[in-house]
Amino acid sequence: MVTAVTYRVRGNQHDHDLRVYKAAYASEAAKTRLLCLFWHFSKYHARCVQAQAGVGGFTHVAFVPSTKTARKSHPLQDLLAPVVPRLSLVRLGVNAGVSPDSREFAPHWFTADPLAASGAGAPAVLLVDDTWVTGARAQSAAYRLKQAGAATVAVLVLARQINPDWTHSRPLLTAVENTTFDAARCVHHSH
């Protein structure tokens, strides 16, 4: 299951924030806007995501790591992990044997330590990523988490990328451009 908090269209403010929050010249304002978006969504819509995933609650959180830049942790993880402190953090590693530019599902792209059931039951992981373009990285990470013992993996992305150059994206882009974003409206239940 994949939940996108919002859409990302080239040239809009959200697109800018998602490009610069992890750059060497990272914008504190961009980080703050992304943090607030995630915090608000987590506070008011986490139960809806749990219901869609068929779990009473998540036990773990993981962040899709960068495949292009070797880092101790992804800037998204550094920024957002404090918002979900009650969840156990699962650290995903990157297998250098997969091209960082791949746009295809790769079952061995990531590594993860085994997950064990706890008092809360079978591991249910909330997998967070900044942008869904093809979904290859998130799907590969979800696969690895399932192999590590997760009973459920729900993907939450801050934005679903819309490419205006793709003809089949035009109806969605038109709908997005003609709708005012409302953080209070639930993506799953439209209320």
Side-chain angles (χ1 to χ4, degrees), residues 1-6 18 21-22 34-35 37-161 186-189:
M1 182 200 86
V2 178
T3 300
V5 176
T6 188
L18 287 163
Y21 86 92
K22 58 186 171 184
L34 294 176
L35 178 61
L37 179 70
F38 182 74
W39 177 88
H40 187 277
F41 188 87
S42 297
K43 180 168 178 59
Y44 295 103
H45 305 296
R47 287 191 177 108
C48 301
V49 175
Q50 291 169 184
Q52 289 294 313
V55 297
F58 292 105
T59 59
H60 296 76
V61 64
F63 295 85
V64 178
S66 174
T67 57
K68 296 184 180 185
T69 307
R71 296 181 172 155
K72 185 176 176 184
S73 62
H74 193 283
L76 190 66
Q77 177 179 316
D78 297 339
L79 182 65
L80 303 182
V83 175
V84 288
R86 72 184 198 294
L87 301 180
S88 298
L89 179 63
V90 179
R91 295 187 187 276
L92 292 167
V94 178
N95 179 351
V98 178
S99 169
D101 296 317
S102 177
R103 297 276 185 193
E104 301 289 328
F105 169 78
H108 302 293
W109 205 342
F110 300 103
T111 61
D113 290 333
L115 300 173
S118 65
V125 181
L126 179 64
L127 177 61
V128 182
D129 201 359
D130 53 9
T131 306
W132 180 284
V133 180
T134 66
R137 289 180 181 93
Q139 291 177 62
S140 299
Y143 175 85
R144 178 52 47 209
L145 289 165
K146 293 283 259 179
Q147 294 300 308
T152 303
V153 177
V155 178
L156 177 67
V157 294
L158 294 182
R160 171 64 170 103
Q161 178 78 34
C186 178
V187 66
H188 291 294
H189 302 106

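Numbering starts at 1 and runs along the sequence shown.
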Would you list the atom pairs, donor with acceptor, under 3.5 Å between side chains in residues 48-56 and any protein atom, with sequence neighbours excluded?
residue	atom	partner	partner atom	Å
Gln50	NE2	Gly56	O	3.2

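- Under a 3.5 Å cut-off, the side chain of Ser140 and the backbone N or O of Phe105 do not form any donor-acceptor pair.
- Atom CZ of Arg144 sits about 10.5 Å away from atom CZ of Phe110, to the nearest 0.5 Å.
- Residues Ala62 and Leu145 come closest through the heavy atom pair CB-CD1, 4.1 Å.
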Sequence neighbours excluded and cut-off under 3.5 Å, please list the side-chain donor-acceptor pairs for residues 126-135, or say none.
residue	atom	partner	partner atom	Å
Asp130	OD2	Tyr21	OH	2.8
Asp130	OD2	Lys22	NZ	3.1
Thr131	OG1	Arg8	NH1	2.9
Thr134	OG1	Ala136	N	3.2

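- Between Thr3 and the choices Arg160, His45, His188, the side-chain hydrogen bond (donor to acceptor under 3.5 Å, both in side chains) rule is met once, by His188.
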Please output the side-chain donor-acceptor pairs of residues 86-96 that fall under 3.5 Å, not counting sequence neighbours, one pair per line with the distance.
residue	atom	partner	partner atom	Å
Asn95	OD1	Gly97	N	2.8
Asn95	ND2	His108	O	3.0

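- Side chain of Arg137 to main chain of Ser66: no donor-acceptor pair is present (N/O by atom type, distance under 3.5 Å, no hydrogens or angles).
- Looking at heavy atoms from C-beta onward, Leu35 lies in side-chain contact with Val83 at the 4.5 angstrom threshold.
- Taking all atoms of both residues into account, the shortest heavy-atom contact from Trp109 to Glu104 is CZ3-O, 3.8 Å.
- The NE2 atom of His74 sits 8.5 Å away from the OG1 atom of Thr67 when rounded to the nearest 0.5 Å.
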Worked check of side-chain contact (heavy atoms from CB on, under 4.5 Å) between Val187 and Val5: CA-CA 7 Å; Val187 66; Val5 176; over 6 Å; no
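- Scanning all heavy atoms of the two residues, the minimum distance from Ala148 to Ala112 falls at CB-CB, 4.1 Å.
- Residue Ala138 comes nearest to Val155 through the heavy atom pair CB-CG1, 4.1 Å, listed as atom of the first residue, atom of the second, then distance.
- Using a 4.5 Å heavy-atom threshold, the side chains of Leu76 and Phe38 count as separate.
- Under the side chain to side chain contact (heavy atoms under 4.5 Å, CB included) rule, Pro123 has a single partner from Thr59, Val153, Thr152, which is Thr59.
- Inter-residue side-chain proximity for Val61 and Leu80 is flagged as unmet; no heavy-atom pair is nearer than 4.5 Å.
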